[in-house]
2 protein chains.
Amino acid sequence: MSHTLGLRQAQKQKTRQALLDAALGLLEEQSLSSLGLREVTRAVGIAPTAFYRHFRSTADLGTALVEEALGSLHPMIRTTVSTADDHGQRIKRAIELIAGHVDAYPAHVRFIARERHGGVQPVREAIREQLARFGQEVRDELAKDPVSGGWSEDDLLMLANLYVDQMLITASLFLEALEATPEERDRVCQVAERQMRLISIGRQHWLD
Amino acid sequence: MSHTLGLRQAQKQKTRQALLDAALGLLEEQSLSSLGLREVTRAVGIAPTAFYRHFRSTADLGTALVEEALGSLHPMIRTTVSTADDHGQRIKRAIELIAGHVDAYPAHVRFIARERHGGVQPVREAIREQLARFGQEVRDELAKDPVSGGWSEDDLLMLANLYVDQMLITASLFLEALEATPEERDRVCQVAERQMRLISIGRQHWLD
DNA sequence: AATCACAGAGAACAGTTGTTAACTGGATGA
DNA sequence: TCATCCAGTTAACAACTGTTCTCTGTGATT
């Protein structure tokens, strides 16, 4: 597989990636709807017109960024939910995994948090779809757990989406605390852990 | 009180409000960081330079919008949490109140959801402050409830913020469903209600 | 070796932007 | 009544935007 693409296509993908990286950098202090095509090409060092060889518009570039930021995240989600640790430890692990991801890809996380409700409709739609997929995947994993005995499909999906949203909130809090003191980061960590635990307690008593 | 301001100041406040309204309208399909000063004045029908008589910049206008959108919401929050209904009815009431608010002020809700993680730092900060205030107020109300016996201050605030975030998520879902079918709106309503209920169940068993 | 495909360059387009400066005219207060 | 204030106007500025068309050089194909 992966037929070694010629020099031609390799270079194209290289500048395409450079455009994505440059855009992600510029988006740290603005939203996608104010991101200019010329601004991006200037940062990469190519002519403005070359942009069109890769994307129709900045909105198009935005949906590509959604793919890059969330597309590769699915395996991680599945394993996070399904690891059969001790119950308290599982939550701790999940929180640490989120914190690690924010540390590794802060610009990606910022982009998703910002554009989820942002001003560019196609991008909002793309994020919505990906998050819906996450919800379904988490539901599938939850269904395997003995705790889910007697739960309806609807309730499982309801809980899954609650978890997904909570993950995003937590990620966003870690992002804000990225340049804060270690004590502050610790506090965020503990609050997030307790919120997750409260939700899990609600889950365990749902059928009472 | 409210010393009847002269014709002069009355007119000024009128155009100021017109600027806020026009901006809110324009922000339905873009973010604040791409909102142009000229764009707003053109919509109002005044000269671009007149903008400076009211705001230093569009970011300044943004923080004023935060005040308008969230400032008047505090009494509603307090009464929502503190109404001593039956437990299941209380949640239903809260959801309906959120739905009603989204119906009445969709542009305000959209603005807050969009700019909470948006590209304009001072506006993010202003929203963060207001939401923190909401969190404290909800915590104060929760503290009065007998269910909160034995809870630490930290845990109460943790739960309060969980509720506030959940309110925002719910509001955002109602916003997306604004032009959808009544069946879809109903589904959103039911999911939101069950998520709130699950959190409340977690609350009741927190000290087990 | 000759041809084609195509990523990127360059120039030019009509519009747009934020900001400055100097101004007008009606409400305000003495 | 008269001087003052100040919300809003007009004109002009350099800088920027997305998009078009034409061109070039080089990797790919025959």
Side-chain angles (χ1 to χ4, degrees), chain A residues 2-23 25-65 115 118-123, chain B residues 2-23 25-65 115 118-123:
Chain A
S2 117
H3 189 271
T4 48
L5 19 60
L7 274 181
R8 198 83 187 243
Q9 302 241 354
Q11 258 303 332
K12 180 168 183 180
Q13 286 211 357
K14 211 170 181 178
T15 64
R16 185 191 138 99
Q17 190 57 47
L19 285 168
L20 290 170
D21 292 345
L26 292 165
L27 284 172
E28 289 197 8
E29 19 195 42
Q30 65 181 311
S31 322
L32 184 63
S33 78
S34 66
L35 182 67
L37 157 171
R38 295 182 100 106
E39 197 177 352
V40 181
T41 56
R42 193 186 311 129
V44 172
I46 63 175
T49 52
F51 183 91
Y52 293 105
R53 301 285 178 199
H54 304 273
F55 306 102
R56 277 187 242 277
S57 63
T58 53
D60 190 22
L61 180 148
T63 63
L65 276 177
E115 300 304 329
V120 184
Q121 200 259 343
V123 173
Chain B
S2 116
H3 190 270
T4 47
L5 15 55
L7 274 182
R8 198 83 185 241
Q9 302 241 354
Q11 259 303 331
K12 179 169 183 179
Q13 286 212 357
K14 212 171 180 176
T15 64
R16 184 191 139 100
Q17 190 58 46
L19 286 168
L20 290 171
D21 292 346
L26 292 165
L27 284 172
E28 289 198 9
E29 19 194 43
Q30 64 182 309
S31 321
L32 184 63
S33 78
S34 65
L35 182 68
L37 159 170
R38 296 182 100 106
E39 198 178 352
V40 181
T41 55
R42 192 186 312 130
V44 172
I46 63 175
T49 52
F51 183 91
Y52 294 104
R53 301 285 178 201
H54 303 273
F55 306 102
R56 277 187 241 277
S57 62
T58 53
D60 189 24
L61 179 148
T63 64
L65 276 178
E115 300 304 330
V120 184
Q121 200 261 343
V123 173

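Letters go in sequence order (proteins before strands), and every chain restarts at 1.
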Would you classify [X] as touching base, sugar-phosphate or nothing, given that sugar-phosphate means primed atoms plus P, OP1 and OP2, and contacts are heavy atoms under 4.0 Å?
{"X": "A/Phe51", "result": "nothing"}
{"X": "B/Ser57", "result": "nothing"}
{"X": "A/Arg42", "result": "sugar-phosphate"}

Looking at B/Thr15, does any N or O in its side chain come under 4.0 Å of the phosphate oxygens OP1/OP2 on D/dG8? yes
Taking 4.0 Å as the cut-off, does a side-chain nitrogen or oxygen of B/Thr49 come that near to OP1 or OP2 on C/dT19? no
Among [options], which nucleotide has an atom closest to any side-chain atom of [X]?
{"X": "B/Leu7", "options": "D/dT20, C/dT19, C/dA27", "answer": "C/dA27"}
{"X": "A/Tyr52", "options": "C/dG8, D/dG18, D/dG8", "answer": "D/dG18"}
{"X": "B/Ala50", "options": "D/dT19, D/dG8, C/dA9", "answer": "D/dG8"}

Rounding to an integer number of Å, can you tell me how far [X] [atom1] sits from [N] [atom2]?
{"X": "B/Leu35", "N": "C/dT17", "atom1": "CG", "atom2": "P", "value": "10 Å"}
{"X": "A/Asp60", "N": "D/dG18", "atom1": "CG", "atom2": "P", "value": "14 Å"}
{"X": "B/Phe55", "N": "C/dG18", "atom1": "CZ", "atom2": "P", "value": "15 Å"}
{"X": "A/Leu61", "N": "D/dG18", "atom1": "CG", "atom2": "P", "value": "12 Å"}
{"X": "A/Ile46", "N": "C/dG10", "atom1": "CD1", "atom2": "P", "value": "12 Å"}
{"X": "A/Gln11", "N": "D/dG25", "atom1": "CD", "atom2": "P", "value": "18 Å"}
{"X": "A/Gln9", "N": "C/dA5", "atom1": "CD", "atom2": "P", "value": "15 Å"}
{"X": "B/Leu37", "N": "C/dT16", "atom1": "CG", "atom2": "C1'", "value": "13 Å"}

Backbone N or O of A/Ser34 within a donor-acceptor pair of the A/Ser31 side chain at under 3.5 Å? no
Answer yes or no: is there a donor N or O on one side and an acceptor on the other, between the side chain of A/Ser33 and the main chain of B/Gln30, under 3.5 Å? no
If you pin B/Gly36 and A/Arg16 to their nearest nucleotides in DNA chain C, which one's is more 5'? A/Arg16
Counting heavy atoms not belonging to A/Gln17, are there more than 12 under 6.0 Å from its CD? yes
Please check if the number of heavy atoms outside A/Gln9 that lie under 6.0 Å from its CD is greater than 12. no
So, under a plain 3.5 Å distance rule, would you say the side chain of B/Arg53 forms a donor-acceptor pair with the base of D/dC6? no
When the nearest nucleotide of DNA chain D is assigned to B/Arg8 and to A/Arg56 on a heavy-atom basis, which residue is associated with the more 5' position? B/Arg8
Testing A/Leu61, A/Thr49, A/Thr58 one by one against A/Leu37 for a side chain to side chain contact (heavy atoms under 4.5 Å, CB included), which residue passes? A/Thr58
